[in-house]
Protein chains: 2
Amino acid sequence: MREVAEYAGVSTATVSLVVNGKAGDAGITEATQQAVYNAIEKLQYTPNRMASAVVTGRSRMVGVVSALSRELFDTQFGSRVLSGFVRGARERGYHFVFLEDITRNSEDHVRVLQDAREMCLEGLILLIDVGRDEKVFDVGKWLSTSIPVVSVQFTFDPEGAPGFRVNHQNAVEECIDHFVRRGHEQIGFGARHIDLRSRSTVAVIERALARRGLSFDPGCVFEVPRWDRIGSFVDAYLKKRPSAMIILYDGEAVRAVTALREAGIQVPRDLSVIGYGDSPLCTDFAPALSTYRPPLEEIGRDAIQYLIRCVEDGTAPRRDEVRDMTGQLVLRQSTGSAPGH
Amino acid sequence: MREVAEYAGVSTATVSLVVNGKAGDAGITEATQQAVYNAIEKLQYTPNRMASAVVTGRSRMVGVVSALSRELFDTQFGSRVLSGFVRGARERGYHFVFLEDITRNSEDHVRVLQDAREMCLEGLILLIDVGRDEKVFDVGKWLSTSIPVVSVQFTFDPEGAPGFRVNHQNAVEECIDHFVRRGHEQIGFGARHIDLRSRSTVAVIERALARRGLSFDPGCVFEVPRWDRIGSFVDAYLKKRPSAMIILYDGEAVRAVTALREAGIQVPRDLSVIGYGDSPLCTDFAPALSTYRPPLEEIGRDAIQYLIRCVEDGTAPRRDEVRDMTGQLVLRQSTGSAPGH
DNA sequence: CTGTTAGCGCCTTCAC
DNA sequence: GTGAAGGCGCTAACAG
């Protein structure tokens, strides 16, 4: 920097102002600015972020903290969100680093904060993927007293934590809308486990149906287990035989369709199925699986940019606000009209 | 730090030595060290990496540069490698950041170098996933003149760039071994596109077969296109009817098995299939897909730790060396004995 | 064995 | 409008 200043015939202070785009405020001549830019060009000068971080306390870096990194990398969900982070950060000239996995043991969160301070991170993205783990929320709250934190939840849970997440309402509405238009009246729901999360989804389905004057049969909530126990699903299905189903997630949808086919149920002739996730397997499978595509890249991008904006404006991210992002229903071969419609 | 020094009754230099684990070399009393640790504890002191990076030039951060980030995040391959990076870096107290995608336009590589210098990155991981792009190799070579670079290639290409990659030789041997033991003699190969990469795989298969006194029928190289053109694959298969196939990747294997079933070929009764990737869909599909599981986490972890070791030892990473990592054949339901064996 | 000193590269008042 | 000076938090020689 000193060399640049000398080459341009100005002082290092001037160079600093120009490099940081504060030349205008400081009222520096156009000519002087040009001279500085020329010098930078000639000398191949690259400013040192570390040095400026030392004095300003600003590193232009944020951290990503996850609640369960195995899922983060094993499902395509996590990696798509990551992809959004990369884009979002890049667009604003920021970078991000991974910190500890909060849930490995009970002291990880202090490590996170320590790392964040060591590296002068300006904010944290908290990736919530295990649903309703009270501990994760508490850690988030605790972290957010020392550093800006924005939460991202990328699994499907209508009653999950506030923060950036998919618009579950919309997802359900889109599916029901499509089914009803095609004449389906008895609509089922399937998931790997029937837990609190599934139950809230069922509640949303129920309300969507009610708004259309249809009712939901509680018997149409199906557990779609692994292959070794898939028989229980088939049996349960055959008792009710709904003509349409929403299944969480695509993998479960594939297993359900396959198992049902062996029992003589044809998709989409006898049953229409919409999965969730839009994973690559949707198009490898036959019939190609209709699915709801969650806006994961968008969530990642918007979340990190919101965080950055808060950091730059000096405002604390709102911890209580729900940011629902709308995805898209992707219709393929596994959906059709209700039998006899 | 000054406060810590005062509290402990020593100088900042002593604190620095203790914090950086150089207390031993400098011969600092146990008692003094304890005093420093106590002070650190009491004052909740966190060292500032940025500041030390300024003076040492060492940031304990490396960068990850990819050749095609879309693939990085769309396939489970990329995200598993990333997971390895996270672990590998963490184990050594390092962090990593994402830089530009080299291939977006022709000037991205200078941006990469600029970012690396701005952030005092100590090394670069070059993710090669598009196979044999001369440009990527050149960029890698160019980068490595200014900064340590180690390459990671995570697609399947026996003749790809040197660096960390899966042991293709082993992958093929394992499959062939298994097939031969089960009495298969005519073994085929399938892939989405029959290009240079596939051809080198075929060559490896050919040699493995030759070593066992078997020959490879060039007519048994099959293109497994998307659904709209899958008929061509089925036709080609029916002409040769090999009893076993290696298919790149799992998605293609699923399409192949499904299409063939519609043509009356049963897996594994008439045909044994081994895919590649061990993606989640292997166990969602029926029959559950046998596959070769590439050691992606291991590759990521080893690659970044090799890079870090080079950085710390001050040695340049070898650009020409092949680091083949061995994966594992995962046998499930899509493989069986040769018909009549 | 430990403290003193002199920077690392940069930013930011303040006079001029 | 611009430069000089001081300091950010830390490390590395060297002196004692």
(Q) Go nucleotide by nucleotide along DNA chain C from the 5' end; which of A/T14 and B/S11 gets its closest nucleotide reached first? (A)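 Result: B/S11.
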Q | Axis deviation across the helix from C/dC1-D/dG16 to C/dC16-D/dG1, five-pair ends, to the nearest 10° | A |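 Computed from the C1' atoms at both ends, the axes differ by 30°.
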Set out, line by line, the N/O atom pairs under 3.5 Å between protein and nucleotides 12-16 of chain D.
{"unit_1": "D/dA12", "atom_1": "OP2", "unit_2": "B/K22", "atom_2": "NZ", "d": "3.4"}

Quick one: side-chain hydrogen bond (donor to acceptor under 3.5 Å, both in side chains) partners of [X], sequence neighbours excluded?
X	result
B/R319	B/S151
A/Q114	none
B/R323	none
A/S79	none

Can you give the donor-acceptor pairs under 3.5 Å from side chains of residues 23-35 of chain A to other protein atoms, not counting sequence neighbours?
{"unit_1": "A/T29", "atom_1": "OG1", "unit_2": "A/T32", "atom_2": "OG1", "d": "3.3"}
{"unit_1": "A/Q33", "atom_1": "NE2", "unit_2": "A/I28", "atom_2": "O", "d": "3.2"}

Q.
Between B/F154 and B/F156, does the ring pair (Phe, Tyr, Trp, His ring centres under 6.0 Å) criterion hold? Intermediate values first, please.
A. CA-CA 7 Å; B/F154 60 83; B/F156 198 92; over 10 Å; no
Q. Just checking B/G24: base, sugar-phosphate only, or nothing, at a heavy-atom cut-off of under 4.0 Å?
A.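 Nothing, no heavy atom under 4.0 Å.
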Q) Within the structure shown, what part of the strands sits under 4.0 Å from B/V10 by heavy-atom distance: base, sugar-phosphate, or nothing? A)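 Counting heavy atoms under 4.0 Å across all strands, the contact made by B/V10 is with sugar-phosphate only.
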Length of the line joining [X]:[atom1] and [N]:[atom2], which is rounded to integer Å:
X	N	atom1	atom2	value
B/I40	D/dG9	CD1	P	16 Å
B/L43	D/dG9	CG	P	14 Å
B/I28	D/dT11	CD1	P	13 Å
B/R2	D/dG7	CZ	P	11 Å
A/R58	D/dG9	CZ	P	16 Å
A/E6	D/dT2	CD	P	17 Å

Q) If you walk 5' to 3' along DNA chain C, what is the first nucleotide with an atom under 4.0 Å of a heavy atom in chain B, and what is the last? A)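 Both ends considered, the range comes out as C/dC1 to C/dG9.
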Distance-only criterion, 3.5 Å: show the donor-acceptor pairs between side-chain atoms of residues 143-150 of chain A and protein atoms not counting sequence neighbours.
{"unit_1": "A/S144", "atom_1": "OG", "unit_2": "A/G140", "atom_2": "O", "d": "3.3"}
{"unit_1": "A/S144", "atom_1": "OG", "unit_2": "A/K141", "atom_2": "O", "d": "2.8"}
{"unit_1": "A/T145", "atom_1": "OG1", "unit_2": "A/W142", "atom_2": "O", "d": "2.6"}

Q: State which residues pass salt bridge (charged side-chain N to carboxylate O under 4.0 Å, His left out) with B/D138; sequence neighbours excluded, sorted by chain then number.
A: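 B/D138 satisfies salt bridge (charged side-chain N to carboxylate O under 4.0 Å, His left out) with no residue once adjacent residues are dropped.
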Q) Can you list the residues that meet the side-chain contact (heavy atoms from CB on, under 4.5 Å) rule with A/R318, with sequence neighbours excluded? A)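 Per chain and number, A/R318 pairs via side-chain contact (heavy atoms from CB on, under 4.5 Å) with A/Y306, A/D320, A/E321.
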(Q) Please enumerate all residues that pass side-chain contact (heavy atoms from CB on, under 4.5 Å) together with A/K42, with sequence neighbours excluded. (A)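 Expected list: A/Y7.
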Q: Show your reasoning for whether salt bridge (Lys or Arg N to Asp or Glu O under 4.0 Å) applies to B/E312 and B/R92.
A: CA-CA 11 Å; B/E312 297 194 331; B/R92 300 244 181 253; 6.0 Å; no
